[in-house]
Peer 1: 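Sharing a structure with you now.
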Protein chains: 2
Amino acid sequence: MKIGELAARTGCQPVTIRYYEQAGLLPVPPRSEGNYRVYTRAHEERLLFIRNCRALDMSLEEIRQLLDYQDNPSGDCSEINALVEAHIEHVSSRIKVLQQLQDKLVALRQRCTGAEPSCSILQELTAGEPHVSQDSDSHVGHSH
Amino acid sequence: MKIGELAARTGCQPVTIRYYEQAGLLPVPPRSEGNYRVYTRAHEERLLFIRNCRALDMSLEEIRQLLDYQDNPSGDCSEINALVEAHIEHVSSRIKVLQQLQDKLVALRQRCTGAEPSCSILQELTAGEPHVSQDSDSHVGHSH
DNA sequence: TAAACACCCTATAGTGGCTATAGAGTCAAG
DNA sequence: CTTGACTCTATAGCCACTATAGGGTGTTTA
């Protein structure tokens, strides 16, 4: 299987696959005569694992750890449970913060009715103490 | 006012202030004899505006637009309202996605009771079709 | 046989919103 | 006059990719 087929099967792009290889998440595959990467089902399975974890918004570092547990099974799930638990914490705190943002934004939207002489949204954003930043420790989020 | 005082007053770091200057969000301030940046209350107000917007998780590009409306007031709030509205949409879709993630993660956590021979969390993550990625268009989120 | 085309390769730079580091200058207090 | 706190510029790093340039491979078609 060449990289294009693996990409199609796993729903990610060839560049991303090469990136995972470089990042040490995917084992370096053998090459064909023409210097093409040649993958097996094992690679596909591992890549699916990675993609599933990414779909759960885990960082590559977290995934690296899970893969490590997978490669050296210890019979003890407690570290895996702890990792998942910690990730749940990350996500849930991120949700809380975003919910608060949402409330503030909605309040902001309602401020500008067009009745005031100058835009009261801009006034509100200008005023007051600096709001506390919401970005602290979680690694959950992002997209552009 | 030197950069350190401005930083203290607005709750952000000097490097970040210089970064905003370079990004064209803060006007270039005059310099003292010793080549230090010298800020006024106007700078402080503008920086507070920026920080408030950032606390609402707006991108610098969005903030640039708001500042532009502020600098060239048109008496028409509709574009500002649209921007805030769009941002609310971003945040709310991000919340939805994270909530779905959260559900999946909680389901995953409950899978590993320690009763099975091999960790069923890892099995679950390995199995199946690639999950649909949650990162598409929003610019809301992130933190490390 | 040749040219077009789809795929693959490497290497490098860019994204956003900063943070960290290095190496130097400024200025008030002890 | 030296210490220390602050400031300056410039550059590199963070994450998880994406984009670009410049080339090679391999199959299909004119």
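Naming: A, B, ... by sequence-line order, numbering from 1 per chain.
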Peer 1: Counting just side-chain N and O atoms, does B/Gln13 come under 4.0 Å of either OP1 or OP2 of C/dT19?
Peer 2: yes
Peer 1: With respect to the side chain of A/Arg18, which nucleotide from D/dT7, C/dG17, C/dC9 is positioned closest?
Peer 2: C/dC9
Peer 1: Taking DNA chain D as the partner, which of residues 20-28 of chain A come within under 4.0 angstrom of it by heavy atom?
Peer 2: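 A/Tyr20 - these, ordered by number, are the residues of the stretch whose heavy atoms sit under 4.0 Å from the strand.
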Peer 1: Is B/Glu45 salt-bridged to B/Arg41, going by a charged N under 4.0 Å from an acidic O?
Peer 2: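 Judged by the 4.0 Å cut-off on N to carboxylate O distance, B/Glu45 and B/Arg41 do not form a salt bridge.
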Peer 1: Measuring only between side-chain heavy atoms, which start at C-beta, is B/Tyr19 closer than 4.5 Å to B/Leu60?
Peer 2: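 Contact flag for B/Tyr19/B/Leu60 side chains = yes.
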Peer 1: Side-chain N or O of A/Thr16 less than 4.0 angstrom from OP1 or OP2 on D/dT18?
Peer 2: yes
Peer 1: Determine the minimum heavy-atom distance between A/Arg31 and A/Val38, stating which atoms define it.
Peer 2: C-CG2, 4.1 Å
Peer 1: Go through the steps to decide whether B/Ile17 and B/His43 satisfy the test side chain to side chain contact (heavy atoms under 4.5 Å, CB included), and finish with yes or no.
Peer 2: CA-CA 10 Å; B/Ile17 295 175; B/His43 290 98; over 6 Å; no
Peer 1: Please tell me if A/Arg31 has a side-chain N or O lying less than 4.0 Å from either OP1 or OP2 of C/dT10.
Peer 2: yes
Peer 1: Send over the distance from A/Ile63 CD1 to D/dC15 P, rounded to a whole Å.
Peer 2: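 The distance from CD1 of A/Ile63 to P of D/dC15 comes to 13 Å, rounded to the nearest Å.
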Peer 1: C/dG17, D/dC8, D/dA16: which one has an atom nearest the side-chain heavy atoms of B/Arg54?
Peer 2: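 Of the options given, the side chain of B/Arg54 lies nearest C/dG17.
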Peer 1: Is a donor from one side chain sitting under 3.5 angstrom from an acceptor on the other, for B/Arg51 and B/Tyr20?
Peer 2: yes
Peer 1: Choose from C/dT10, D/dT9, D/dT7 the nucleotide whose nearest atom is closest to any side-chain atom of B/Arg37.
Peer 2: D/dT9
Peer 1: If you fit an axis to the five pairs at each end of the helix from C/dT1-D/dA30 to C/dG30-D/dC1, how big is the angle between those two axes, to 10 degrees?
Peer 2: 30°
Peer 1: For nucleotides 27-30 of chain C, give me every protein contact, N/O to N/O, under 3.5 Å, one pair per line with atom names.
Peer 2:
unit_1: C/dC27; atom_1: OP1; unit_2: B/Gly34; atom_2: N; d: 3.3

